[in-house]
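Quantities reported herein were computed from a predicted structural model and do not represent experimental measurements. In what follows, residues are counted from 1 in the order of the sequence shown.
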Amino acid sequence: MMNWKQLISNTRLGQEGFPQTKNDERTEFRRDYDRLIFSAPFRRLQNKTQIFPLPGSVFVHNRLTHSLEVASVGRSLGDDVGHALRQLRPELHDCQLGELGTIVSAACLAHDMGNPPFGHSGERAIAAYFLEGPGLKYRSEMTEAQWADLVHFDGNANAFRLLAHQFRGRRPGGFVMTYSTLASIVKYPYPATEATIQKFGYFVQEQNTFDKIAEHLGLIRQGKGWCRHPLAYLVEAADDICYEIMDIEDAHKLKILSFETTRDLMLGFVTDEKRSAILDRAQMVRDKNEKVVFFRSSAIGTLIDECVKVFVNHEEEIMAGCFEGSLIGAACPRVKEAYDICVDVAFNKIYPSRDVIDTELAGYKIISTLIHLFIEAVMNPTHAYSQLLLDRVSSQYEIDVPDTYGRIMAILDFVTGMTDVFALDLYRKINGESLPMI
């Protein structure tokens, strides 16, 4: 069994054994949160696609607004779970359970920081380049584990790499985050060789780092990987709640879903008694978008309450590393059914919309082209124009390492760190479609 006292650790990656010095009253976990908020990779999320294309005349979510909302929901989930556990388990009073909300919200801020431009289409473009494209020729130059990293490329593992990898010129430990925050980000704590449906938690180069963190926190070994840190379930729930409910709200703003459909989807989470009371109160609001905001808050509030109940009721299984599925997946039948209906509507009506598909097609082409050109350049630095391309790569990315895997990962670090606009602009310049002013 895992234990909370060990799971909540102030130890920072890269500062093990050093005393923590404080100049203010912030906890170490609050420092994690603040460090992420003010970081350049986090700011770049404002120009990374969530679902719908950016920008537009109607404001919809980007990765930054999504991450901030996930952090808000995550804080509520962590605070409520911490409060419930303190009430039920007085023996845990000295386990820093009051910090759960801060840890979860910090992990939520970081959960999408490793996503490439254009979201999931960017991930698919990278994986497809090696699985069925020109990158296939590098297969013989890598180990099975290294190759699995590329053909299963995943933004979740890339987020952990961004925070924990020691890039050139960066201090040891990357962002120097606490072990607890880093472990809470990793929803799939196993290597790519164990990947299921493209999901895994860390690349080969960061595996030893995660193993060290997992051992320190007392996570349980499971095959070639580990069980989740319990707080990873809350990070996952916050993400699931926000992207599903907010995608529906955005679809309403873009007139993909009618007001009536949106209302019924969001009120499907609440009891009939609460539904009547919510509809009565909504009569005081005239604007339909504001009514949807009112319905949305009820749906999110219900999902938060239900996920907290599931976590607390299944705490023993979670701490034993044997809880299967997600918190929402174990919710009461009414909430689970309402969520499943929302998922079905998203996959059949929202994601197949023309704007979403057009953005995915464009993103796939842009990312495929960029990674091909830069990988060819880094593998053949003496070829014509290779050095011109490589001059665009920041010095923090180690493109001059001797091994093929290391050079390719350096290029992927460079490309995945781009915003949508930067990637599009660079693509146009390389293709001669955009030239600097003369």
Side-chain angles (χ1 to χ4, degrees), residues 40-41 44 114-118 121-155 157-158 161-162 164-172 174 192 203-207 362-438:
R44 286 197 289 268
N115 282 29
F118 306 103
S121 64
E123 288 177 315
R124 287 192 288 270
I126 293 169
Y129 178 79
F130 298 100
L131 187 64
E132 58 191 26
L136 261 172
K137 64 184 178 183
Y138 301 116
R139 172 68 184 90
S140 62
E141 301 177 40
M142 298 185 201
T143 66
E144 178 187 357
Q146 290 172 339
W147 187 247
D149 282 351
L150 302 180
V151 298
H152 295 290
F153 185 88
D154 180 50
N158 206 40
R161 176 179 174 84
L162 178 65
H165 189 74
Q166 186 176 349
F167 294 99
R168 180 179 286 154
R170 189 192 283 187
R171 56 189 170 181
F203 296 118
V204 169
Q205 291 181 333
E206 288 74 55
Q207 181 160 352
Y364 191 95
K365 175 65 173 177
I366 292 166
I367 298 303
S368 297
T369 301
L370 290 178
I371 61 173
H372 177 65
L373 291 172
F374 279 95
I375 287 176
E376 285 295 296
V378 80
M379 299 304 296
N380 303 283
T382 61
H383 284 191
Y385 297 108
S386 286
Q387 197 56 51
L388 290 176
L389 285 168
L390 297 178
D391 284 345
R392 296 299 303 263
V393 181
S394 171
S395 61
Q396 68 176 307
Y397 305 123
E398 300 181 72
I399 58 175
D400 53 356
V401 293
D403 65 298
T404 297
Y405 174 78
R407 277 178 279 170
I408 288 177
M409 287 300 294
I411 293 302
L412 295 183
D413 290 330
F414 171 59
V415 173
T416 57
M418 297 177 183
T419 65
D420 293 13
V421 168
F422 184 93
L424 174 59
D425 181 58
L426 185 57
Y427 171 83
R428 286 173 171 168
K429 287 176 179 175
I430 289 174
N431 282 289
E433 299 171 15
S434 175
L435 295 173
M437 296 293 291
I438 299 175

Can any side-chain N or O of Arg124 pair as donor or acceptor with the backbone N or O of Tyr364 at less than 3.5 Å?
no
For the pair Leu150 and Met142, evaluate side chain to side chain contact (heavy atoms under 4.5 Å, CB included) and give the outcome as yes or no after the intermediate values.
CA-CA 10 Å; Leu150 302 180; Met142 298 185 201; 3.5 Å; yes
For Gly406 and Val401, the nearest pair of non-hydrogen atoms, with its separation, is C-CG2, 3.5 Å
Whether the side chain of Thr369 engages the backbone of Lys365 through a donor-acceptor N/O pair (distance < 3.5 Å, no angle test) should be reported.
yes
To check you understand the geometry: which heavy-atom pair defines the closest contact between Arg168 and Ser395, and what is its length?
CD-O, 3.3 Å
Result for ring pair (Phe, Tyr, Trp, His ring centres under 6.0 Å) between Phe374 and one of Tyr397, Phe414, Tyr427, Tyr129 points to Phe414
Out of curiosity, Leu373 CG to Arg392 CZ, how far, rounded to the nearest 0.5 Å?
12.5 Å
Is there a side-chain contact between Leu389 and Ile430 in this structure, where contact means two heavy atoms from C-beta onward sitting under 4.5 Å apart?
yes
Main-chain N/O of Val421 paired to Asp425 side chain as donor or acceptor, under 3.5 Å:
no
Would you check if the side chain of Gln205 reaches a backbone N or O of His165 as a donor-acceptor pair within less than 3.5 Å?
no
Where do Asp149 and Arg161 land on the salt bridge (charged side-chain N to carboxylate O under 4.0 Å, His left out) test, with the steps shown first?
CA-CA 12 Å; Asp149 282 351; Arg161 176 179 174 84; over 6 Å; no
Leu390 CG to Tyr385 OH distance, which is reported to the nearest 0.5 Å:
15.0 Å
Strictly distance-based, threshold 3.5 Å: is any side-chain N or O of Glu141 a donor or acceptor partner for the main-chain N or O of Tyr138?
no
Short side-chain to backbone donor-acceptor contact, Arg407 and Pro402, under 3.5 Å
yes
For the backbone of Asn115 and the side chain of Asn158, can you confirm whether one donor and one acceptor N or O come within less than 3.5 Å of each other?
no
Heavy atoms of Val415 and Pro117 approach each other most closely as O-CD, 3.5 Å
Are Ile126 and Thr416 side-chain neighbours, meaning at least one heavy-atom pair lies under 4.5 Å?
yes
Once rounded to the nearest 0.5 Å, what's the spacing between atom CG of Leu412 and atom CZ of Phe153?
5.5 Å
Minimum side-chain heavy-atom gap Ile411-Met409 below 4.5 Å
no
So which heavy atom on Arg44 is nearest to which on Gly417, and how close?
NE-O, 3.0 Å
dist Phe203:CZ -> His152:NE2 (nearest 0.5 Å) comes out at 12.0 Å
Distance col, row Ile371:CD1 vs Glu376:CD, nearest 0.5 angstrom, shows 11.0 Å
Heavy atoms only: give me the nearest Ile367-Gly122 pair and the separation to one decimal.
CG2-O, 4.0 Å
Of the non-hydrogen atoms in Ser368 and Ala125, which two are nearest, and what is the gap between them?
OG-CB, 3.5 Å
Can you tell me how far the CD atom of Gln166 sits from the CD atom of Gln396, to the nearest 0.5 Å?
12.0 Å
